[in-house]
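First up is the structure itself, then whatever we jot down about it.
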Amino acid sequence: TGGHTTEILRLLSCLSESYSPRHYVLADSDKMSEAKIRSFEQKRAETFSESQFSLDRIPRSREVRQSWVSSVLTTLYSILYSLPLTYKRKPDLILCNGPGTCVPVCLSAFLLGLLRIKRTVIVYVESICRVETLSLSGRILYYFSDYFIVQWPDLKKKYPKSVYLGRIV
């Protein structure tokens, strides 16, 4: 909520209109991000008149300070909720940057690829605030993403699969 949304919108502002329609997935308890996304898309529509986007909500996989044991159950619930959404949208690309909401969506897309239903490219961009260690989402999606982008050279050294592009947000 907030910081991750700001970072992803900065990344999206650099993408061409060929990345359309855009489908945003938010946690059902996230009240702040929807307004930021709508404002971003309204400004984008001034430049790209055919701009298309949608908003979908899923149950939050993990609340701040939630116990690890209970977060396993809520994440499984979010994955089950994400599967029909991912199947319906059948995205070509998932671009995500770290909120817990991205984990169930990416795992659902990964599963659809394993089942040969739809192959989705997963691009994970670790948050700029992660200088020395990965976030929990990053530690999970490091193994499932096609491209894992870090913004600090020390992370590239620790995680050889990652791609270091410098600071991109």
Between the side chains of [X] and [Y], does any donor sit under 3.5 Å from an acceptor?
X	Y	answer
T86	R89	no
S135	S137	no
S51	R22	yes

- Flag yes if more than 12 heavy atoms outside Y142 fall under 6.0 Å of its OH atom; otherwise flag no. yes
- Message: Does atom CZ (F48) have a neighbourhood of more than 12 heavy atoms from anything else shown, all under 6.0 Å?
- Response: yes
Can you see which heavy atom on [X] is nearest to which on [Y], and at what distance?
X	Y	value
P99	H4	CD-CG, 3.7 Å
R44	L15	NH2-O, 2.9 Å
S54	H23	OG-ND1, 2.5 Å
V123	I149	CG1-CD1, 3.9 Å
E126	G138	OE2-CA, 3.7 Å
K156	V150	N-CG2, 3.8 Å

Output yes when a side-chain donor or acceptor of [X] lies under 3.5 Å from a complementary backbone atom of [Y], and no otherwise.
X	Y	value
S108	P104	yes
T75	V72	no
S61	S78	no
S67	S70	yes
Y164	L155	no
K161	S145	yes

So if you build clusters from Ile, Leu, Val, Met, Phe, Trp, Tyr with side-chain heavy-atom gaps below 4.5 Å, do [X] and [Y] land together?
X	Y	result
L80	I94	no
L83	F144	no
V121	L112	no
Y81	V105	yes
I8	L55	yes

Hey, are the side chains of [X] and [Y] touching, using non-hydrogen atoms and a 4.5 Å cut-off?
X	Y	answer
L11	E7	no
L12	F53	no
M32	T5	no
K118	D92	yes
V125	Y147	no
F148	L134	yes
I122	L141	no
R60	T74	no

Report the distance from atom [atom1] of [X] to atom [atom2] of [Y], rounding to the nearest 0.5 Å.
X	Y	atom1	atom2	value
I37	Q42	CD1	CD	14.0 Å
L111	T120	CG	OG1	11.0 Å
C14	L9	SG	CG	11.5 Å
Y24	R57	OH	CZ	14.0 Å

- Query: Could E132 and K158 be called an ion pair, given the rule that one side-chain N must be under 4.0 Å from one carboxylate O?
  - Reply: no
- Going through the checks in order, is the salt bridge (charged side-chain N to carboxylate O under 4.0 Å, His left out) test met by D30 and K36? CA-CA 11 Å; D30 183 348; K36 287 183 175 189; over 6 Å; no
- Message: Under 6.0 Å from the ring centre and within 45 degrees of the ring axis: does the NZ or CZ of K157 meet both conditions for the six-membered ring of Y159?
- Response: no
- For K90 and I117, run side chain to side chain contact (heavy atoms under 4.5 Å, CB included): C-alpha distance rounded to whole Å, both residues' side-chain angles, the deciding distance at 0.1 Å, then the answer. CA-CA 9 Å; K90 290 187 178 73; I117 295 170; 4.3 Å; yes
